[in-house]
Amino acid sequence: WLACCAGAADAEPQRPFAPAVAPAVAPTVSTTAPAVPRAALEHLRPQDRVGDLLDHPALSGFSRLLLPRTDVEVDRRTRLSDFASMLPYHTQVDASDVVAGLNQLIDDAGAGRRVFIDIYTTAEKARDPTKVDTGLFFLRGRPGASFAVIAPGGGFSYVAAVHEGLAYALAINRHGFNAFVLRYRVGQGSAAATEDLAAALSAIFRHAAELQVNTKGYSLWGSSAGARMAASIGSHGAARFGADPLPRPAAVVMAYTGHSDTSADEPPTFVVVGGHDRIAPPAVMKRRVRALEQAGVTVAYHEVPGLGHGF
């Protein structure tokens, strides 16, 4: 599987992206949702099962999008403590982090806050049914604070939202910032996934007032395949991938990717990788760091000893 992930997630040849047509009508966004009965707000625990997640009333309508894939049957008896068994490219999956992110969604939904936001209109989804299983999980920081958009990894074959998405979002929230975790299309390579990230940014910018987020100084975060997506928009802008002409991110946070494409105008970048990563080895990451530094970009590099890919 190492070779598979390297080919799909981190070494996919760069190819031109055809800009998509901007939607005539933006998706409708409401920041409130119907209140969930208090009895339905029970927290999930590591010993609970995937079926409990899928059937949780507070997560109704989008719970399956929290799973790595939506096109395959899952064993509903799998315990959340064994969620790592569904994430073949990932390591160090902490069950307490998994349920912490899920429980924040449950709490917010119970408070009447909308925690899942569409990035495509109903018409767009009808024209392209592969866009149905996309959207943003919204974890709130301070009203009016800036935001981060997080693109989890998964080799473009699944989305590790509960491991590389919700857990990051909670940490970002602790600093007061708003965080969105992207559920993007899988099985179509980096082009479709990056277009989804660009569409997500357009949706956030168009509805910033309703979402109570500040669009100045936003950041893009990505891990493995998600880092490729974040870096691509950092390098070339969202409009290159079919979105509105938006300002570049103030910073890009990249975790363990071999993505090498750069532009003449890169945002400040933070790079992290495990010392034992055989998919995106530190030497590969360091080459990108050197290229950015030579271009005058502010870069911070952190190598975590003893860890492999997908931590």
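Side-chain atoms of His56 come within 3.5 Å of backbone N or O of Glu42 as a donor-acceptor pair. Within the 3.5 Å criterion, the main-chain N or O of Leu67 finds a donor-acceptor partner in the side chain of Arg183. Proximity of a side-chain donor or acceptor of Asp108 to a complementary backbone N or O of Gly112 within less than 3.5 Å is not detected. Panel note: side chain Asp52, backbone Arg49; a donor-acceptor pair is recorded below 3.5 Å. With hydrogens and angles disregarded, no donor-acceptor distance shorter than 3.5 Å links the side chain of Tyr184 to the backbone of Glu195. A donor-acceptor pair is defined here as one N or O able to donate and one able to accept, closer than 3.5 Å; no such pair exists between the side chain of Tyr89 and the backbone of Tyr158. Using modelled atom types, no side-chain atom of His259 and backbone atom of Arg288 make a donor-acceptor pair closer than 3.5 Å. Checking side-chain atoms of Ser81 against main-chain N and O of Ala95 turns up no donor-acceptor pair under 3.5 Å. Using modelled atom types, no side-chain atom of Arg185 and backbone atom of Lys131 make a donor-acceptor pair closer than 3.5 Å. Remark: the backbone N or O of Gly217 is paired with a side-chain donor or acceptor of Ser146 at under 3.5 angstrom.
Between Phe116 and Phe62, the ring planes lie parallel to each other; the angle is under 30°, not in the 30° to 60° tilted range. Ring-plane geometry between Phe147 and Phe205 is classed as perpendicular, the angle between the planes exceeding 60 degrees on a 0 to 90 degree scale with a lower cut at 30.
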Review point. Hey, mind stepping through Leu307 and Asp277 against side chain to side chain contact (heavy atoms under 4.5 Å, CB included) and telling me if it holds?
Key: CA-CA 7 Å; Leu307 292 186; Asp277 195 325; over 6 Å; no

Exercise for review: Show your reasoning for whether side chain to side chain contact (heavy atoms under 4.5 Å, CB included) applies to Leu136 and Ile204.
Suggested key: CA-CA 10 Å; Leu136 289 166; Ile204 295 168; 3.8 Å; yes

Point to revise | Check against side chain to side chain contact (heavy atoms under 4.5 Å, CB included), Lys286 and Glu303 | key: CA-CA 10 Å; Lys286 289 177 180 176; Glu303 185 174 320; 3.6 Å; yes

Review point. Yes or no on side chain to side chain contact (heavy atoms under 4.5 Å, CB included) for Phe137 and Leu65, after CA distance, side-chain angles and deciding distance?
Key: CA-CA 10 Å; Phe137 296 101; Leu65 298 182; 4.0 Å; yes

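One side chain, Glu266 or Ser235, offers a donor N or O that lies under 3.5 Å from an acceptor on the other. One side chain, His309 or Ser224, offers a donor N or O that lies under 3.5 Å from an acceptor on the other.
The shortest heavy-atom contact between Ser63 and Leu54 is OG-O, 2.9 Å. In plain terms, the two heavy atoms of Ala225 and Gly154 that are nearest each other are CB-N, 4.3 Å. The shortest non-hydrogen separation linking Pro152 to Leu182 is CD-O, 3.5 Å. Contact detail for Arg142 and Asn178: the closest heavy-atom pair is O-ND2, 3.3 Å. Taking all atoms of both residues into account, the shortest heavy-atom contact from Pro267 to Gly234 is CD-O, 3.3 Å. Annotation for Val252 and Ala230: closest pair CG2-O, 4.1 Å, computed over non-hydrogen atoms.
Here Lys125 contributes atom NZ and Thr130 contributes atom OG1; the two are 11.5 Å apart, rounded to the nearest 0.5 Å. With rounding to the nearest 0.5 Å, the separation of CD1 in Ile117 from CG in Leu211 is 4.5 Å. One distance of note links OG of Ser263 with CZ of Arg240; it measures 9.5 Å at 0.5 Å rounding. Atoms CG and CZ, from Leu292 and Arg287 in turn, are 13.0 Å apart once rounded to the nearest 0.5 Å. A distance of 13.5 Å separates OG1 in Thr215 from CZ in Arg206, rounded to the nearest 0.5 Å. The CZ atom of Phe177 lies 8.0 Å from the OG atom of Ser219; values are rounded to the nearest 0.5 Å.
Under the 4.5 Å side-chain criterion, counting only non-hydrogen atoms from C-beta, His163 is not in contact with Phe83. Contact of the Gln104 side chain with the Leu166 side chain is not registered, since no non-hydrogen atoms from C-beta on lie closer than 4.5 Å. Annotation: side chain of Phe138 is not in contact with side chain of Arg114 (no heavy-atom distance under 4.5 Å). Using a 4.5 Å heavy-atom cutoff, the side chains of Leu59 and Ile106 are in contact. For the pair Leu53/Val162, no side-chain contact is recorded, criterion being any heavy-atom separation below 4.5 Å from C-beta on. Looking at Arg76 and Asp55, their side chains come closer than 4.5 Å, going by heavy atoms from C-beta outward. Under the 4.5 Å side-chain criterion, counting only non-hydrogen atoms from C-beta, Val132 is not in contact with Thr70. Looking only at side-chain heavy atoms (C-beta outward), Trp221 and Ile172 come within less than 4.5 Å of each other.
Between Asp48 and Arg45, at least one side-chain N (NZ, or NE/NH1/NH2) sits under 4.0 Å from a carboxylate O, which counts as a salt bridge.
For CZ of Phe311, the number of neighbouring non-hydrogen atoms (other residues, nucleotides, ligands) closer than 6.0 Å is greater than 12.
When each of Asp196, Thr134, Asp128 is paired with Tyr120, the side chain to side chain donor-acceptor pair (under 3.5 Å) condition holds for Asp196 and for no other. Between Phe180 and the choices Leu139, Ile150, Val213, the side chain to side chain contact (heavy atoms under 4.5 Å, CB included) rule is met once, by Val213.
The hydrophobic cluster containing Met254 does not contain Val284, counting ILVMFWY residues as joined when their side-chain heavy atoms lie under 4.5 angstrom apart, directly or transitively.
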